[in-house]
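First up is the structure itself, then whatever we jot down about it.
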Number of protein chains: 2
Amino acid sequence: MADEHTTGSPRTLKTVSRAFDVVRALEELDGARVTELSNHLDLSKSVVYNYLSTLRAEKFVVKEEDTYRLSLQFLLVGEYVRYQNILYRIGKPEIEELAEKTGEYAHLATEQHGLGINLYKVSGEKAVGSDYQVNKLQRADYLHFSATGKAILAHLPKERVEWIIDQYGLPGKTEATITTREELFEELETIRDRGYSLNDEEEIKGLQAIGAPVTNRHGRVLGSISVSGPVRRMKQPDYHEQLIESVVNTANVIEVNVNMEESDDDFPTFS
Amino acid sequence: MADEHTTGSPRTLKTVSRAFDVVRALEELDGARVTELSNHLDLSKSVVYNYLSTLRAEKFVVKEEDTYRLSLQFLLVGEYVRYQNILYRIGKPEIEELAEKTGEYAHLATEQHGLGINLYKVSGEKAVGSDYQVNKLQRADYLHFSATGKAILAHLPKERVEWIIDQYGLPGKTEATITTREELFEELETIRDRGYSLNDEEEIKGLQAIGAPVTNRHGRVLGSISVSGPVRRMKQPDYHEQLIESVVNTANVIEVNVNMEESDDDFPTFS
DNA sequence: CATATGTGTTTGTATTTGACGAACGGTCAC
DNA sequence: GTGACCGTTCGTCAAATACAAACACATATG
């Protein structure tokens with residue numbers, strides 16, 4: 001957790017790490033001035049100034065008056081990364097259809113560095129809260145208390161799940177959150193058996209979600225999808241069954257299309 | 001253009017610049033392995049390895065097998081930056097309405113580092129090409145040949161426009177592109193007078209766009225909006241006038257809302 | 001089956017390069 | 001007009017990085 005920059009292996013470049021400290025600080029502070037950052041990061045003013053000048057020259061930071069902010073360059077690179085992701089390219093239209101069909105929130109997620117990241121969200125017409133929840137794409141979050149996260153965990157190699165728990169623990173969010181290894185591995189077993197995951201108020205009270213994984217031909221999990229809504233509605237027996245089928249079905253459709261696309265890569269182009 | 005890292009002012013950190021060279025290379029190459037990058041960047045393998053390890057520790061790069069790729073961290077930071085932008089927050093729903101009303105493509109753009117960046121795009125029902133053009137958010141582009149870009153240039157201080165031309169020149173894209181200073185400044189004058197900008201096949205043959213700026217209370221231009229479609233349709237006299245009114249009207253609505261929101265900042269919160 | 005060439009990774013070492021602090025030049029408030 | 005504060009510049013030395021060579025491992029090649 002603390003910055004261990006001893007001369008171990010792999011060697012890590014302090015100057016680069018500090019540059020990203022500046023980036024994170026600019027995010028936390030919603031933009032900042034030189035002196036402010038200097039205090040925040042415990043670096044001399046001139047040093048901070050040099051970092052900001054460099055980041056600005058690289059176009060990842062902009063300067064308005066005397067305030068420095070992160071630039072939209074991050075968005076451009078980010079959109080590129082997202083578009084590179086095959087699950088996003090194939091899954092987006094399917095998720096939109098799922099949201100339309102069910103009327104609930106629909107999500108498309110993947111895993112990176114042991115945390116879950118939402119690639120895309122759409123709100124169906126029944127979904128409340130509307131714009132704010134869809135626009136504000138939240139930060140990477142724990143996998144063990146969301147429907148998308150658990151669907152992913154269920155299909156990751158056991159050793160990797162162990163590594164993730166070692167790294168991040170199993171922090172609780174509501175009283176329903178799974179917080180022990182044994183419980184979690186049991187739950188993952190169940191998810192594998194029945195083919196879908198359930199988030200039963202484990203992240204937010206009153207919210208239920210149904211998730212299903214998307215794996216490629218080699219069994220590697222690429223990510224997962226889910227729909228979510230108020231427990232009151234989600235728990236009605238017939239509706240519940242119907243949603244499960246819709247989610248599982250959509251996941252399968254995505255899976256098939258992804259695998260058709262990916263199999264092209266088995267015959268690499270000559271270059 | 002070449003990397004002038006002499007000890008001038010402001011001093012720029014080579015290590016940080018090189019880290020972003022690696023980022024750009026990973027983008028260009030759609031992910032790469034150590035040796036590949038080593039050749040591409042003319043750095044020794046061990047050095048590249050250290051940069052990649054650092055970027056990975058910072059979670060901006062992921063490693064799959066032996067291939068390193070940019071991570072979705074860029075998307076998360078990028079979405080944050082976009083959401084910080086008041087023009088995006090206020091303008092997004094209005095642009096969606098504009099696309100629905102007109103049935104054409106609608107855009108929301110802003111300027112950074114002298115280049116134009118699309119904050120948001122929506123396609124109306126008449127718009128062709130559909131998904132690809134909307135999903136693939138392109139890189140920062142020149143301001144002088146788009147409707148959004150020219151609307152912005154027209155309301156930037158003259159000295160800044162001069163600086164931008166000095167930096168990037170006025171490269172042509174079609175035979176209609178404005179490529180001389182005099183022409184451009186005349187055009188910007190016209191745009192200021194009539195209140196909207198026109199991109200008449202200056203970027204893409206067969207495509208016309210109508211743009212209007214959004215400025216804040218102090219006269220600073222925050223960005224601009226536009227609709228675009230095939231010339232055939234866009235040039236029909238009545239329809240043309242109608243579109244202009246829709247665009248100018250939407251820009252005004254956004255402007256009013258932005259300025260109402262921003263005026264809160266004049267009475268800063270105590271902290 | 002050994003050998004050659006490829007990979008990513010590790011390490012010791014020379015020196016480039018970034019951190020510091022003081023000084024500069026500007027602005028705003030009192 | 002004077003004091004405090006800001007962002008920026010610059011000389012200097014310690015520290016952090018780039019290099020190259022060696023390592024372990026894989027995959028071809030004779």
Side-chain angles (χ1 to χ4, degrees), chain A residues 2-23 25-26 29 31-58 60-71 266 268 270-271, chain B residues 2-23 25-26 29-58 60-71 218 266 268 270-271:
Chain A
D3 33 36
E4 278 293 329
H5 270 291
T6 51
T7 326
S9 211
R11 283 189 196 168
T12 176
L13 308 180
K14 298 185 199 184
T15 311
V16 176
S17 294
R18 266 189 286 246
F20 284 99
D21 288 343
V22 172
V23 168
L26 286 177
L29 303 170
R33 308 180 57 161
V34 177
T35 309
E36 195 179 353
L37 279 175
S38 168
N39 296 330
H40 191 85
L41 297 167
D42 270 310
L43 288 169
S44 74
K45 274 198 300 175
S46 58
V47 170
V48 170
Y49 178 76
N50 287 337
Y51 278 95
L52 288 170
S53 299
T54 310
L55 288 168
R56 197 153 89 99
E58 300 295 335
F60 281 85
V61 158
V62 288
K63 182 184 176 184
E64 292 166 3
E65 309 296 317
D66 279 331
T67 303
Y68 292 83
R69 302 182 185 283
L70 299 182
S71 90
D266 293 345
F270 304 103
S271 62
Chain B
D3 33 34
E4 279 293 327
H5 270 290
T6 52
T7 326
S9 211
R11 285 188 195 167
T12 176
L13 308 181
K14 297 185 199 183
T15 311
V16 176
S17 294
R18 268 190 283 246
F20 284 99
D21 289 342
V22 171
V23 168
L26 287 177
L29 303 170
D30 289 343
R33 308 181 57 164
V34 177
T35 311
E36 194 180 353
L37 279 175
S38 168
N39 297 330
H40 192 83
L41 296 169
D42 269 310
L43 288 169
S44 74
K45 274 197 302 176
S46 58
V47 170
V48 170
Y49 178 76
N50 287 337
Y51 278 96
L52 289 170
S53 299
T54 310
L55 288 168
R56 197 153 88 98
E58 300 295 334
F60 281 85
V61 158
V62 288
K63 182 184 178 186
E64 293 167 2
E65 310 295 317
D66 280 331
T67 304
Y68 292 82
R69 301 182 186 284
L70 299 182
S71 88
H218 312 300
D266 293 345
F270 303 102
S271 63

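Sequence lines set the chain letters: A, B, ... in the order given, protein chains first and strands last, and positions in each chain run from 1.
- Looking at A:S38, its side chain never comes within 3.5 Å of a backbone N or O of A:V34 through a donor-acceptor pair.
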Got a list of protein N/O to nucleotides 16-18 of chain C N/O distances below 3.5 Å?
| from | atom 1 | to | atom 2 | distance (Å) |
| --- | --- | --- | --- | --- |
| C:dT17 | OP2 | B:K14 | NZ | 2.7 |
| C:dG18 | OP1 | B:K14 | N | 3.2 |
| C:dG18 | OP1 | B:T15 | N | 2.9 |
| C:dG18 | OP1 | B:T15 | OG1 | 2.6 |
| C:dG18 | OP2 | B:K14 | N | 3.2 |

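- Minimum interatomic distance between B:R11 and A:N50 (heavy atoms only, all atoms of both residues): O-OD1, 3.4 Å.
- Note on A:Y68: a side-chain N or O is less than 4.0 Å away from OP1 or OP2 of D:dT8.
- Rounded to whole Å, the distance from CG on A:D66 to C1' on C:dT27 is 10 Å.
- Protein atom CG of B:L52 is 11 Å distant from nucleotide atom C1' of C:dG8, rounded to whole Å.
- Contacts between residues 33-45 of chain B and DNA chain D, defined by a heavy-atom separation below 4.0 Å, involve B:L43, B:S44, listed by number.
- Listed by chain and number, the residues in a side-chain contact (heavy atoms from CB on, under 4.5 Å) with A:R69 are A:V62, A:E64, A:T67 (sequence neighbours excluded).
- For the residue pair B:L37 and B:A32, the shortest heavy atom distance occurs at CG-CB, 3.8 Å.
- Expressed to the nearest 0.5 Å, how far CG of A:L70 lies from CG of A:L55 amounts to 8.5 Å.
- The minimum heavy-atom distance linking B:V16 with A:Y51 is given by the pair CG2-CE2, 3.8 Å.
- The main-chain N or O of B:L13 is found under 3.5 Å from a side-chain atom of A:T54 such that the two form a donor-acceptor pair.
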